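Numbers here are sequence positions counted from 1. What you see is a predicted model, and the numbers here were worked out from it, not measured in a lab.
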Amino acid sequence: MRDYGQIVIAAVNGGTPKQLGAAVKLMSMCRFNPELLQIMEKMKSEGRFFGDTDGTAMRHFNEQGRKCQSIPPDLMAREKEIAERALLGGARGVAIIYAGLVDFDPPSSIRRPLGEALRADFLEGDDIAPLQLAKHADLFELTRIETRAYEIAFEAQKHRMKDSWNPDGFAKPVPALTADEQRQAEVLAQTWLQSVKKPKMPWE
């Protein structure tokens with residue numbers, strides 16, 4: 001099915017976790033699509049958008065925007081509910097979406113599943129998941145070493161982009177990590193990064 005509305009309706013009415021996950025991703029994309037297009041247009045007009053020389057990405061997101069109109073508003077309003085169902089069902093790629101919808105303040109019963117889902121998504125190639133795990137270490141009951149390892153993993157994945165996502169840098173742990181703890185965190189991060197899959201762009 002190519003009709004976004006039908007995809008979402010079919011998923012909600014008895015869909016599998018995978019189908020629910022796909023529906024949530026569509027709903028999230030539709031929520032941010034207008035803002036994303038505005039940003040892309042602005043960057044292009046200022047000569048700062050270098051990744052779309054032939055207009056492929058712009059055409060892709062414009063077409064998505066047209067398809068988003070087929071999702072009923074009353075169903076869009078249920079995005080958080082649907083995202084929680086998908087998360088608890090084991091769908092991949094919905095943890096960040098759900099976390100954003102609840103402002104990283106989930107019910108206590110959802111904290112562990114959310115943390116596990118973020119970690120799984122990180123290993124699947126989600127390069128924002130390690131940042132959010134590190135920033136919400138208390139929520140997910142991470143050790144100091146695990147927290148620093150996620151910071152290292154995020155920095156390794158984002159390279160030059162990291163400052164735009166985390167301009168103030170990571171908070172320094174108190175007390176500071178020992179040399180041994182820092183070394184353990186670096187080893188742990190590298191172990192995780194070796195298992196991370198490279199994600200594809202949506203228009204590829």
* With Arg78, which residues qualify under side-chain hydrogen bond (donor to acceptor under 3.5 Å, both in side chains), at least two apart? -> Glu81

* Could you please spell out the steps behind the side chain to side chain contact (heavy atoms under 4.5 Å, CB included) verdict for Ile145 and Arg148? => CA-CA 5 Å; Ile145 292 173; Arg148 182 57 189 145; 6.0 Å; no

* **Of all pairs that satisfy salt bridge (charged side-chain N to carboxylate O under 4.0 Å, His left out), the ones with a partner from residues 6-32, not counting sequence neighbours** => Arg31-Glu79

* **Exercise: identify the closest heavy-atom pair between Gln6 and Asp3** => N-OD1, 2.8 Å

* What distance separates Leu114 CG from Glu84 CD, expressed to the nearest 0.5 Å? -> 10.0 Å

* To do: Kindly indicate, with the supporting measurements, whether the criterion side chain to side chain contact (heavy atoms under 4.5 Å, CB included) is fulfilled by Tyr150 and Arg119.
  => CA-CA 10 Å; Tyr150 280 122; Arg119 173 177 167 75; 3.3 Å; yes

* **Leu20 CG to Ile82 CD1 distance, which is reported to the nearest 0.5 Å** => 7.5 Å

* Asked: Sub-3.5 Å donor-acceptor pair from the side chain of Asp121 to the main-chain atoms of Arg92, do we have one?
  -> no

* **Worked verdict on Leu88 versus Ile110 for side chain to side chain contact (heavy atoms under 4.5 Å, CB included)** => CA-CA 8 Å; Leu88 293 177; Ile110 308 295; 3.8 Å; yes

* Asked: How far apart are the closest heavy atoms of Ala86 and Pro17, and which atoms are they?
  -> CB-O, 4.5 Å

* Aromatic plane relationship, Phe104 with His136 - under 30° parallel, 30 to 60° tilted, over 60° perpendicular -> parallel

* Any donor-acceptor pair under 3.5 Å from Asn33 side chain to Phe61 backbone -> yes

* Structure fact -> Scanning both residues in full, the closest heavy-atom pair of Ala95 with Leu118 reads CB-CD2, 3.7 Å

* Test side-chain contact (heavy atoms from CB on, under 4.5 Å) applied to Ala22 - qualifying residues, sequence neighbours left out -> none

* Asked: What heavy-atom pair brings Ala83 and Leu101 nearest, and what distance separates the two atoms?
  -> CB-CD1, 4.1 Å

* **Distance in Å, Leu177 CG paired with Thr147 OG1, rounded so as to fall on 0.5 Å steps** => 9.0 Å

* When hydrophobic residues are tied together by side-chain contacts of less than 4.5 Å, even through go-betweens, does Val102 share a cluster with Phe140? -> yes

* More than 12 foreign heavy atoms under 6.0 Å from CG of Asp138: is that the case here? -> no

* Structure fact -> Applied to residues 108-117, the salt bridge (charged side-chain N to carboxylate O under 4.0 Å, His left out) test, sequence neighbours excluded, yields none

* To do: Report the residues that fulfil salt bridge (charged side-chain N to carboxylate O under 4.0 Å, His left out) with Arg85, sequence neighbours left out, ordered by chain and then residue number.
  => none

* To do: Indicate the atoms forming the closest heavy-atom contact of Pro175 with Arg144, along with that distance.
  => O-NH1, 2.6 Å

* Structure fact -> In this structure, CG of Asp127 is separated from CZ of Phe122 (nearest 0.5 Å) by 10.0 Å

* **Distance-minimising heavy-atom pair for Pro113 and Leu87** => O-CD1, 4.3 Å

Show which side-chain atoms of residues 66-76 pair as donor or acceptor with protein atoms under 3.5 Å away, not counting sequence neighbours.
from: Arg66; atom 1: NE; to: Glu63; atom 2: OE1; distance (Å): 3.2
from: Arg66; atom 1: NH2; to: Glu63; atom 2: OE1; distance (Å): 2.7
from: Ser70; atom 1: OG; to: Tyr4; atom 2: N; distance (Å): 3.4
from: Ser70; atom 1: OG; to: Gly5; atom 2: N; distance (Å): 2.9
from: Ser70; atom 1: OG; to: Lys67; atom 2: O; distance (Å): 2.7

